Number of protein chains: 4
Amino acid sequence: METISVGLIGTGFMGKCHALAWNAVRPVFGDCAAIRLAKLADVDARLAAEKADAFGFQASTTNWRDLLDDPQIDVVSVTAPNAFHPEMAIEALKAGKHVWCEKPMAPRFEDALRMRQAARESGHVAALGYNYIQNPMVRQIGRLLSENAIGEVNHVRIEMDEDFMADPAALFYWKSEASSGYGALDDFAVHPLSLIWTLLGRIRSVMADMAMPYAERPLAGGGTRAVETCDIASVLFRLESGASGILAANRSAWGRKGRIAVQIFGSAGSIVFDQERMNELQVYRAGGQPADAGYTTMLAGPAHEPYGQFVPAPGHSLGFNDLKVIECRELLSAIAGKPSRLIDFEKGVEIECAVHAMAESFRKRAWVDVAYG
Amino acid sequence: METISVGLIGTGFMGKCHALAWNAVRPVFGDCAAIRLAKLADVDARLAAEKADAFGFQASTTNWRDLLDDPQIDVVSVTAPNAFHPEMAIEALKAGKHVWCEKPMAPRFEDALRMRQAARESGHVAALGYNYIQNPMVRQIGRLLSENAIGEVNHVRIEMDEDFMADPAALFYWKSEASSGYGALDDFAVHPLSLIWTLLGRIRSVMADMAMPYAERPLAGGGTRAVETCDIASVLFRLESGASGILAANRSAWGRKGRIAVQIFGSAGSIVFDQERMNELQVYRAGGQPADAGYTTMLAGPAHEPYGQFVPAPGHSLGFNDLKVIECRELLSAIAGKPSRLIDFEKGVEIECAVHAMAESFRKRAWVDVAYG
Amino acid sequence: METISVGLIGTGFMGKCHALAWNAVRPVFGDCAAIRLAKLADVDARLAAEKADAFGFQASTTNWRDLLDDPQIDVVSVTAPNAFHPEMAIEALKAGKHVWCEKPMAPRFEDALRMRQAARESGHVAALGYNYIQNPMVRQIGRLLSENAIGEVNHVRIEMDEDFMADPAALFYWKSEASSGYGALDDFAVHPLSLIWTLLGRIRSVMADMAMPYAERPLAGGGTRAVETCDIASVLFRLESGASGILAANRSAWGRKGRIAVQIFGSAGSIVFDQERMNELQVYRAGGQPADAGYTTMLAGPAHEPYGQFVPAPGHSLGFNDLKVIECRELLSAIAGKPSRLIDFEKGVEIECAVHAMAESFRKRAWVDVAYG
Amino acid sequence: METISVGLIGTGFMGKCHALAWNAVRPVFGDCAAIRLAKLADVDARLAAEKADAFGFQASTTNWRDLLDDPQIDVVSVTAPNAFHPEMAIEALKAGKHVWCEKPMAPRFEDALRMRQAARESGHVAALGYNYIQNPMVRQIGRLLSENAIGEVNHVRIEMDEDFMADPAALFYWKSEASSGYGALDDFAVHPLSLIWTLLGRIRSVMADMAMPYAERPLAGGGTRAVETCDIASVLFRLESGASGILAANRSAWGRKGRIAVQIFGSAGSIVFDQERMNELQVYRAGGQPADAGYTTMLAGPAHEPYGQFVPAPGHSLGFNDLKVIECRELLSAIAGKPSRLIDFEKGVEIECAVHAMAESFRKRAWVDVAYG
């Protein structure tokens, strides 16, 4: 089996998450390419060297373009701040690399389109880091839907809530600046959208409300500054299938730490999931004796691919980082020309289209059909 | 203490529920008026007699107006089908009776207004059967909010779901006819609205979507008939306080039996409740050590008034019917001229205003400000 | 249908609970005898009169023997303190009354035997207030077991925990005196035993440990007094069926309010229940696709008899007091000579036999076979 | 920082788990020694070579003694079947290696004692694979106990249940043979015991019951064979602190997949945990307003060390394999002469002492004091 050489840009939360995945993917799955951790880039030289050493990369650099110039590097993980995604991804694709870029694609929609164009022209794999779709229990939802276990889907609700911006006393920082985007909509809602895209297909039309729980936030040096983004977004939508839905995102939701709550209703049952209990799934199937009806709570196990590659015993729990390992495995499959389960730049742009249509509907206070172009 | 004489119209689900409450209120609370169950009315003579006997009423009649003509009857429970509410309530008020009318007020808005007018003119108590607000845990939410336990409320989500119309093979019946109203909106959403009114104040503006999961339903005699009401309603709203919110109602939600799920987010915490576990409440308070933070699950007990009137031990559970007994107790307080916790015809009309604004926003596909007139 | 005349002794927690049940049973069930609330007895004359008025009794007395002398009274509810149960129950039976006596039967085993003897000789109904067995979800467990839904039962665990004695600063009171019994064993464990008796049959042998979390407790006047009862009991047991089991009871379990947690394991599945969520039941059935296996959470509804007599809609919750209404209904069935679901004095003595065998096994530090005599 | 060279014996469930941990520990923690994966041993040459390649080991062998002969190898992971633990661990220690051995120590108690002796004589680190104690939420329990958050512990209940032997139709295999040990007691109960040892100290006395849910099991070739081990164990115990407790283990518990349910009661609160929801912890603290009291559900996050080394955001979930990475980190700390949180061979023998005392108490049907020698 061949060897894949990897370059990584970034050493933050997602940089480390990618590094852990690149280290684990072969030991976990066994049947994929060998991984060579070639070079790690970070603008901070000391950090680059230190993290290259810790993560097992052979070399480090402060110049991310070095990775592109290295002919032996096959794939580049892009985990730098969002504003850098377009340039890095596009240049990497042009340099003949496969690209694994963290979400969201780009703060500006035009940039997302340029990224997609670069991917199309390159013929290389261009994947986005939508890791939640890799959860074996999310795959199980997909399997149940494809088996028609709950009949025809007619209604969907999906919520994503965390509380890292819930404290009104927290200082103003870049996530409250308009330059960072709309707020919860692009920062958060893209994750639920990745689930919708994977499980239910495209959204046809949207009607969004957005809200600022705190009009201003304190500045470090004293005084306050007006907030420019909306930490709360609430969206009505219709899927192309005709099903109606609600999407809610709130990054100022005290008490919620990693909630992505999904409710899918069909003509013969329903499915309930919450990422905070990512190893559980609840399914209700109509029919049978009324006295015995109820939601069945499934615990993740080897019957839910590819859980068994991590642990052979059911009910022992995968974790957040394991999802990235699965995503990495899918990326390697794509690179090997095999079927894969990924949000690539094509689907990524569709998700961005939906996000921007939501923002437009909020401005216009009217329903907007998503234009997929 | 005086005696209150009661007339009851109707012997169905809610008729029995009222009868149970009238039987229980004095034994439970002790300190209220003695109750005399004077007369029960039902169009079916046999049913009227049989139920009068079972429920402990002294007499029965097939003519509900007999209750109004009886000078000794103080209060009339109206539990007949919704279409009869206006005439019965108005006539009863005109006859000098206090009225305890089941929700919703009336299928047509004009009728609700006439009912309110009659109540105003009568000077009598005119209360609606919004029993969920009587849950001691809902009172506990109110107490927490009034104590500012979660700071200023900035976002609310509330869902009401059942599955009695979830089966596409279920026969067409009156709830699918346009004459019954909009569907989930007036049939269901009024309950969540009663909670909002009680806990958070009035709604300022709304934007609703409504959906039919099944375009047609089978007829008993064969063939099908087009459905005229929407079993699903999804609403964005803003409270007069400025807080944003989402209301969802679905009476075709397989697996949900009595779900009324409330999430209230504030600047210092959040509150989560679900009527399917009506004796529990979850509260998150910001502050303290991060390692020890989390939702606290409170179990209903004597500390939550008036639970202790039913059971002196905590964690022993009240049931649905107990809420009606509490409502009855509040009604007696109102009749006695004391403070009470009720949705009266004034507030009831406000709730109807919100419902009709929602329907209008759906027709117009635009935000609508609720006109409270 | 005939009329049953009722006398009630006691006005405390259980006195009120009986009174509520007597008031509700006919309105709820309709098809049983009419109930006449004849006379209420309490040693406190004021309390007797006041409660008789509130509960709807026609008369009151300070002498419980007045109830026995009244030839019109058919049945006597005995809810006085445990020490009075034997005399009251035996005298009532001798007076030709049916008896509905609160649990436990008596602090002393000989008294329980005398009570049983009196019941046998009287030919009248002699029932104990083991209300938890009346929960429709407990009946559902029984149905599942009888249908062999989880195969042959091979292991059982049952816990009963509350925290009313958890505070070490709580004053010494009668429940810490040896004269009150063993402690958690007779105060608490009898409830789980009533479930075992109803669902699984008799216990063959036992091995108990008992513990005092606090060796002494403060006295009101200052100083402390050594505790004489054990707030914690832990028991290994074998059923007559051969299944092994664990019973745990703790009345000093901080955080537990009304927990009765049941786990029943069989060769083809398992059942999990907790009284704190008394309207839910979890059932796992072996077989089927591993990916779809899991516990199904059933919500109480009309499919679970006799829930539908209280509320026709599922998932709307019964409460603690409703269980007493069902118990009362069963009592009326027994009085009418029909099959009923009750712990009568026969079974009650068996439960006492098990309790005393447990205490003996603790003293001997050895397994003890329960002698049912 | 130095480099640690690793040898691994075994390629099964735990072999892979060790391999994943050795690969991840440095990328996750950064501040520990560099890891060189030197050699992997498995009796099957093809498997050895294949897994060495997948796991990233530089070489493979069919002879585990090769690892001991390699002077560059510092530490040996022993994950071969239990019967081989003594010889491998003892020889490795004698060869001057640190040893990381999977639990349980050995089927025979004498062998466990010899292992401890070898560890004492070697002066090297000799650790056992009790991974559940590494859960950040278990550490949080420890922190709460040490801070006296629930007062003095007076009662404990701990259950470990899985269902891999629940099917009576499953073929007879080595776990049903007496040579494998007692059954649930040594196979399972050691995990709960590791938690007790870590959180609450040593056990003083025990009284066990053991049961066979199925007397015989089918043989592959037809016919049946009598089962020789007990899949169910139930134990009463007293801690050296005086607290009473119950330990239950069942490997034939249909529906349970990875349950380790812990309940710890103290004089000022209680703690509840279940490994099936390993990222959650419930804590009840006495005091405060009764209306607001309840269990607080904590979600694992960076405030719970060392969660933050894996994910900087709370509520994102660690998985089972992450616990082994933490264990590996502790092992490296021990090797570096720093404080560590491990079950070493000293504590391991104590746990074995408790297990064998339990078996003895079952044979004698009497309480047995654990002899720690």
Side-chain angles (χ1 to χ4, degrees), chain A residues 1 12-14 16-17 19-32 34-35 37 50-51 53-57 131 135 161-164 255-259 275-280 297-301 307 309-325, chain D residues 1 12-14 16-17 19-32 34-35 37 50-51 53-57 131 135 161-164 255-259 275-280 297-301 307 309-325:
Chain A
M1 195 161 289
F13 178 178
M14 277 299 139
K16 183 171 184 176
C17 191
L20 294 178
W22 283 118
N23 272 280
V25 66
R26 185 115 198 285
V28 168
F29 285 95
D31 64 348
C32 59
I35 305 299
L37 302 178
E50 182 185 309
K51 293 299 179 186
D53 183 45
F55 297 163
F57 281 82
N131 50 317
N135 187 334
D161 301 310
E162 297 190 12
D163 65 2
F164 65 88
R256 302 306 193 185
K257 306 302 179 181
R259 178 172 164 90
Q275 173 68 22
E276 282 188 359
R277 286 179 174 166
M278 59 173 273
N279 290 282
E280 298 182 20
T297 301
M298 299 159 187
L299 273 181
Y307 175 102
Q309 301 292 330
F310 293 84
V311 196
H316 281 55
S317 299
L318 298 194
F320 176 85
N321 286 337
D322 295 328
L323 304 186
K324 211 69 185 179
V325 180
Chain D
M1 194 161 289
F13 177 178
M14 276 300 140
K16 184 172 184 175
C17 191
L20 294 178
W22 283 119
N23 271 281
V25 66
R26 184 116 199 285
V28 168
F29 286 96
D31 64 349
C32 59
I35 304 300
L37 302 178
E50 182 185 310
K51 293 299 179 187
D53 183 45
F55 297 163
F57 281 81
N131 50 317
N135 187 334
D161 301 310
E162 297 190 12
D163 65 2
F164 64 88
R256 302 307 194 186
K257 306 301 179 182
R259 178 172 164 91
Q275 173 68 24
E276 281 187 0
R277 286 179 174 166
M278 59 174 273
N279 290 282
E280 297 183 19
T297 302
M298 300 160 186
L299 272 182
Y307 175 102
Q309 301 292 329
F310 293 84
V311 196
H316 281 56
S317 300
L318 297 194
F320 176 86
N321 286 337
D322 295 329
L323 304 185
K324 209 70 184 179
V325 180

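The chains referred to below are lettered A, B, ... by the order of the sequence lines, with proteins before strands, and numbering in each begins at 1. As the structure is a computational prediction, the values presented were derived from the model and not from experiment.
- With a 4.5 Å cut-off on non-hydrogen atoms, A:E162 touches chain D through its side chain but not through its backbone.
- Interface remark: D:N279 contributes no atoms to any contact with chain A (heavy atom separation under 4.5 Å).
- Counting heavy-atom pairs under 4.5 Å between each of D:G56, D:P312, D:P27, D:G258 and chain A puts D:P27 at the top.
- Using a 4.5 Å cut-off between heavy atoms, D:D53 touches chain A through backbone and side chain atoms alike.
- Applying the salt bridge (Lys or Arg N to Asp or Glu O under 4.0 Å) test to every pair with at least one member in residues 311-320 of chain D, sequence neighbours left out, gives no pairs at all.
- Screening D:V28, D:I35, D:L37 against D:N23 for a side chain to side chain contact (heavy atoms under 4.5 Å, CB included) leaves a single residue, D:L37.
- Ranked by heavy-atom pairs under 4.5 Å with chain D, the list A:L323, A:D163, A:D322, A:L318 is led by A:L318.
- Ring pair D:F320/D:F13 is tilted by interplanar angle, where 30° to 60° counts as tilted.
- Each of D:N321, D:N131, D:V325 was evaluated against D:C17; a single residue qualifies, D:N321, per the side chain to side chain contact (heavy atoms under 4.5 Å, CB included) test.
- Taking the side chain to side chain contact (heavy atoms under 4.5 Å, CB included) definition, one finds that D:L299 meets it with A:K257, A:E276, D:E280, sequence neighbours left out.
- The candidate from A:A313, A:S317, A:A54, A:G315 with the greatest count of non-hydrogen atom pairs under 4.5 Å with chain D is A:A54.
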